[in-house]
Amino acid sequence: MKKPKTVKQLEKLLVGKNNHFNFQFTNDEYKYFMENARFTDIEKKVLNLRREEKTIVAISLELGTCESNINKIIKRIKRKIIMCIMFGD
C-alpha cells in the first residue's frame, strides 16, 4: 500500500464509511494524543467514554446532548488524532 499523501487520504483509510475506528490505544498512545491533539473538554469526555466502549446513545444520554452532536464530536476527535499522527509535535 502506498503511503497516503494527504490528510483526506489518510482519513479515508482510517475512518472510511465501512471501517470502524475504535479508540483502543495503548496507554502511551493515549497520553500522547491527550497531550498533543488539543482536545476540548467535551472531546476528552467523549474520547474517554468511547475508550470505555460506551455506545453513542449512552454517551449522548450521559452528556445531555443528541446523538448527532456526539457523532460530530467523534469526527473532530478522529481528525485531531489523524493530524497528530501525520504531523506530530
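- By the neighbour-count criterion of 12 heavy atoms within 6.0 Å, atom CZ of Arg51 is densely surrounded, having more than that number from other residues, nucleotides or ligands.
- Here Leu61 contributes atom CG and Lys54 contributes atom NZ; the two are 10.5 Å apart, rounded to the nearest 0.5 Å.
- Atoms CE and CD1, from Met86 and Ile81 in turn, are 14.5 Å apart once rounded to the nearest 0.5 Å.
- A donor-acceptor pair under 3.5 Å links the side-chain atoms of Glu43 to the main chain of Thr40, judged by distance alone.
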Worked check of side chain to side chain contact (heavy atoms under 4.5 Å, CB included) between Leu47 and Phe33: CA-CA 10 Å; Leu47 178 58; Phe33 292 136; 5.6 Å; no

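- In the hydrophobic cluster analysis, where Ile, Leu, Val, Met, Phe, Trp and Tyr join through side-chain heavy atoms closer than 4.5 angstrom, Ile82 is grouped together with Phe87.
- Judged by distance alone, with hydrogens and angles left aside, the side-chain atoms of Lys80 form a donor-acceptor pair with the main-chain N or O of Arg38 at under 3.5 Å.
- Put simply, CD1 on Ile73 and CZ on Phe39 are 12.0 Å apart, with the number rounded to the nearest 0.5 Å.
- No side-chain heavy atom of Asn71 sits less than 4.5 Å from a side-chain heavy atom of Lys75.
- Of the possible donor and acceptor atoms, one in the side chain of Glu29 sits under 3.5 Å from a partner among the backbone N and O of Thr26.
- Between Ile74 atom CD1 and Arg50 atom CZ the span is 4.5 Å, to the nearest 0.5 Å.
- Side-chain atoms of Arg76 and Ile42, non-hydrogen and from C-beta on, do get closer than 4.5 Å to each other.
- In terms of modelled atom types and a separation under 3.5 Å, the side chain of Asn69 and the main chain of Thr65 share no donor-acceptor contact.
- The CD atom of Glu35 sits 10.0 Å away from the SG atom of Cys84 when rounded to the nearest 0.5 Å.
- Rounded to the nearest 0.5 Å, atoms OG1 (Thr55) and CG (Leu49) are 10.0 Å apart.
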